[in-house]
Amino acid sequence: MITRFAPSPTGPLHLGHAFSALKAQDMAAEAQGQFLLRMDDIDASRARPEWDAQIQDDLRWLGVTWHGRIWRQSAKLALYQSALHRLSVRGLLYPCSCSRRDIEAAASAPQEGDGIAAKPRFGPDGRIYPGTCRGRPMASQLPGDAIRLDLSKALPPEPLAFTETGPAHAGRHIVTAKHLLEQIGDPVLARPNLPASYHLSVVIDDATQRVSDVVRGEDLFEATFLHRYLQYLLSLPTPRYHHHRLIRDEDGKRLAKRDDARAIATYRADGASPADVREMAGL
Ligand code: GLU
């Protein structure tokens with residue numbers, strides 16, 4: 001078994017992250033496997049070396065130790081570029097100049113015939129893209145354009161499947177062409193300042209690092225349907241998935257990065273022990 005923890009070094013490690021890292025490490029340890037650390041630092045406008053260092057320090061303090069060297073996305077850009085190139089050559093990509101507001105407007109415009117504004121639909125990549133720029137050739141790409149994947153051009157002939165071992169959705173899940181078109185829509189794979197989107201980089205990283213079990217928060221369960229599809233398109237292996245519960249605050253809200261009260265560094269400064277943090281996370 002190979003598991004991993006993949007924080008974005010854009011803020012402090014908080015209790016929710018600690019839970020995820022400990023869970024992934026515990027699962028690997030139980031199976032006498034390996035636990036890896038990856039820094040999702042592809043977004044150069046937000047990732048900071050100080051956070052990278054602080055996250056490592058907090059993890060070590062928690063007793064989390066990782067196998068081998070840290071995988072940093074910023075050092076792997078060639079991998080993502082090569083995948084984008086392969087998809088582009090197959091004619092599956094198109095440039096998109098739609099702003100968020102354009103997408104809102106197009107998605108809520110009355111549909112032809114019924115005169116009723118369409119219900120807003122959201123997928124793991126935000127609002128489901130209405131397809132305005134579909135069909136634009138890559139040669140028409142402008143400096144500010146995002147790159148989208150045209151799902152309709154490469155739908156899987158057979159439904160795809162993945163296995164989930166987490167408590168909320170345990171079992172086998174099927175990804176159909178209908179699901180992709182209706183619940184996901186054409187995802188962004190790259191942006192002017194983002195060499196690869198999360199969805200693209202995560203499937204490439206997990207495959208290249210030979211991750212056998214992806215352990216992460218339940219908020220990413222829906223995204224797994226898109227990840228399974230990207231694995232199919234790029235001929236990458238499909239790991240097992242384990243989506244764990246999220247750590248919430250007293251009001252039941254998810255912990256946010258800016259919620260410094262639950263930063264591990266704050267607990268440390270207040271004199272908590274690693275065992276206390278484990279207990280607070282319910283482990
Ligand atoms: N950097 C991502 C996050 O923190 C990783 C998600 C994943 O584990 O796939 O949400």
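If you read the sequence from its start, that first residue is 1, and numbering goes on from there. Here the structure is a predicted model, which is why all the values come from computation and not from measurement. One-based numbering, in listed order, for ligands and for the atoms of each.
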Sorted by chain and residue number, the salt bridge (Lys or Arg N to Asp or Glu O under 4.0 Å) partners of R48 (sequence neighbours excluded) come out as none
Is ligand 1 less than 4.0 angstrom away from at least one heavy atom of R4?
-> yes
| query | Can we say R38 and D40 salt-bridge, meaning some charged N sits less than 4.0 Å from an Asp/Glu carboxylate O? | reply | yes
- Item | Backbone of P9 reached by a side-chain donor or acceptor of D41 within 3.5 Å | no
Q183 meets the side-chain contact (heavy atoms from CB on, under 4.5 Å) criterion, sequence neighbours left out, with H179
Ligand 1 atoms nearer than 4.0 angstrom to some heavy atom of D40 are 1 (N), 2 (C), 5 (C)
Note: L220, heavy atoms under 4.0 Å from ligand 1, region reported as side chain
Measure from NZ or CZ of R216 to the centre of the six-membered ring of F5 and say whether it is under 6.0 Å with the direction within 45° of the ring axis.
no
The answer for which part of F5 has a heavy atom under 4.0 Å from ligand 1 is neither
Item to check | Heteroatom proximity flag, P7 to ligand 1, N/O under 3.5 Å | outcome: no
Quick note on ligand 1: atoms under 4.0 Å from a heavy atom of V202 include exactly 9 (O)
